[in-house]
Amino acid sequence: MDSKRKWNGKYKERLLKSEESSPNVRLQELSSYLIGGTALDLACGLGGNSMFLANLGYQVKAVDISDVAIEYLQLQSEKKQLTMQPRMADLTDWQSLGLVEESFDLILITYYLDRSIFPLLKTVLKENGYFFMETFYLSPKNEQIVSDQFKLKPNELLEVFGSWKILYYEENELEGRQTIFCRK
């Protein structure tokens, strides 16, 4: 099954169950740093993080492969009068996003991993801009049903973004997730 069909199915199921999309808990905890500007939410899903950021005054560009998610987010944006630009795109072809000409005050990615996009993120994040990422990692104590290719290695985000100011970092072995929040 291709990725688009897979995620469309998952999001349709969540919407049928009326499951609200909520923002990432650690992102909420770090909200004192989030003062508005421009934000890029990659693999935004049903937009819990995007809507949270828009409510904090960000102009959010939200990107996902699922047209179901993007249509839902567009409706929520109009209904709640949020400053968001939902856009459907396959992030494995990130060159087609046309982001090279843009810059952002905040970039976030939750539970999506494509290491090849890291150099682009470093380019389009403004100086003193913030980066938040949380996804699965190869934890010795947690066995997620996720392919190892989509899991970070221990300390991987520290190695990739270690030259930036690290404001928050966690490897939660029980949950099998790695989280970083840093400033360029």
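Everything quoted here is computed from the prediction, not taken from an experiment.
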Can you give me the closest heavy-atom contact between [X] and [Y], atom names plus distance?
X: Gly129; Y: Leu125; answer: O-CD2, 3.7 Å
X: Met51; Y: Leu73; answer: CG-CD1, 4.0 Å
X: Tyr72; Y: Leu46; answer: CE2-O, 3.4 Å
X: Ala39; Y: Leu53; answer: CB-CD1, 4.1 Å
X: Ser21; Y: Gly47; answer: OG-N, 3.8 Å
X: Glu159; Y: Pro154; answer: OE2-O, 4.3 Å

Does [X] reach the side chain of [Y], with side-chain heavy atoms less than 4.5 Å apart?
X: Lys4; Y: Ile65; answer: yes
X: Leu167; Y: Phe131; answer: no
X: Asn24; Y: Glu134; answer: yes
X: Phe132; Y: Thr110; answer: yes
X: Glu29; Y: Val25; answer: yes
X: Met84; Y: Ser50; answer: yes

Using the test side-chain hydrogen bond (donor to acceptor under 3.5 Å, both in side chains), find all partners of Gln81 that sit at least two apart in sequence or belong to another chain.
->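 Gln81: no side-chain hydrogen bond (donor to acceptor under 3.5 Å, both in side chains) contacts found.
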
Please identify each residue that fulfils side-chain hydrogen bond (donor to acceptor under 3.5 Å, both in side chains) with Asp90, with sequence neighbours left out.
-> Thr92

Kindly indicate, with the supporting measurements, whether the criterion side chain to side chain contact (heavy atoms under 4.5 Å, CB included) is fulfilled by Leu91 and Asp114.
-> CA-CA 8 Å; Leu91 293 177; Asp114 179 355; 5.6 Å; no

How long is the span from the [atom1] atom in [X] to the [atom2] atom in [Y], to the nearest 0.5 Å?
X: Arg5; Y: Asp67; atom1: CZ; atom2: CG; value: 11.5 Å
X: Ser77; Y: Leu75; atom1: OG; atom2: CG; value: 9.5 Å
X: Leu27; Y: Asp41; atom1: CG; atom2: CG; value: 9.0 Å
X: Leu157; Y: Ile109; atom1: CG; atom2: CD1; value: 9.0 Å
X: Thr179; Y: Arg26; atom1: OG1; atom2: CZ; value: 5.0 Å

Please list, chain by chain and in numerical order, all residues satisfying side chain to side chain contact (heavy atoms under 4.5 Å, CB included) with Gln74, sequence neighbours excluded.
-> Glu78, Pro86

Think Lys122 forms a cation-pi with Phe161, using NZ or CZ under 6.0 Å from the six-ring centre and within 45 degrees of its axis?
-> yes

Just by distance, do the side chain of [X] and the backbone of [Y] share a donor-acceptor pair under 3.5 Å?
X: Asp105; Y: Thr38; result: yes
X: Asn155; Y: Leu158; result: no
X: Lys184; Y: Lys126; result: no
X: Thr123; Y: Pro119; result: yes
X: Thr83; Y: Gln59; result: no
X: Ser66; Y: Ala69; result: yes

What about [X] and [Y], same hydrophobic cluster or not, with Ile/Leu/Val/Met/Phe/Trp/Tyr joined at side-chain heavy-atom distances under 4.5 Å?
X: Leu40; Y: Met88; value: no
X: Leu82; Y: Tyr58; value: yes
X: Tyr168; Y: Phe52; value: yes
X: Ile70; Y: Tyr111; value: no
X: Ile35; Y: Trp164; value: no

Would you please say whether a donor-acceptor pair under 3.5 Å links the side chains of Tyr137 and Glu156?
-> no

Tyr169 and Gln178 side chains, donor-acceptor separation under 3.5 Å | yes

Please state whether the rings of Tyr130 and Phe181 are parallel, tilted or perpendicular, taking 30° and 60° as the class boundaries.
->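 Answer is parallel, since the angle falls under 30°.
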
Determine, stepwise, if the pair Val63 / Lys61 fulfils side chain to side chain contact (heavy atoms under 4.5 Å, CB included).
-> CA-CA 7 Å; Val63 182; Lys61 182 171 279 193; 4.3 Å; yes

Verify the neighbour count for atom NZ of Lys165: are there more than 12 heavy atoms of other residues, nucleotides or ligands below 6.0 Å?
->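 Not more than 12 within 6.0 Å, no.
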
Side chain to side chain contact (heavy atoms under 4.5 Å, CB included) between Asn128 and Arg183, worked out | CA-CA 6 Å; Asn128 293 312; Arg183 187 171 66 213; 4.1 Å; yes

For side chain to side chain contact (heavy atoms under 4.5 Å, CB included), just list the numbers for Phe104 and Leu121, CA-CA rounded to whole Å, side-chain angles, deciding distance to a tenth of an Å, and then say yes or no.
-> CA-CA 9 Å; Phe104 299 92; Leu121 301 180; over 6 Å; no

Are any of the side-chain nitrogens in Glu170 or Arg177 under 4.0 Å away from the carboxylate oxygens of its partner?
-> yes

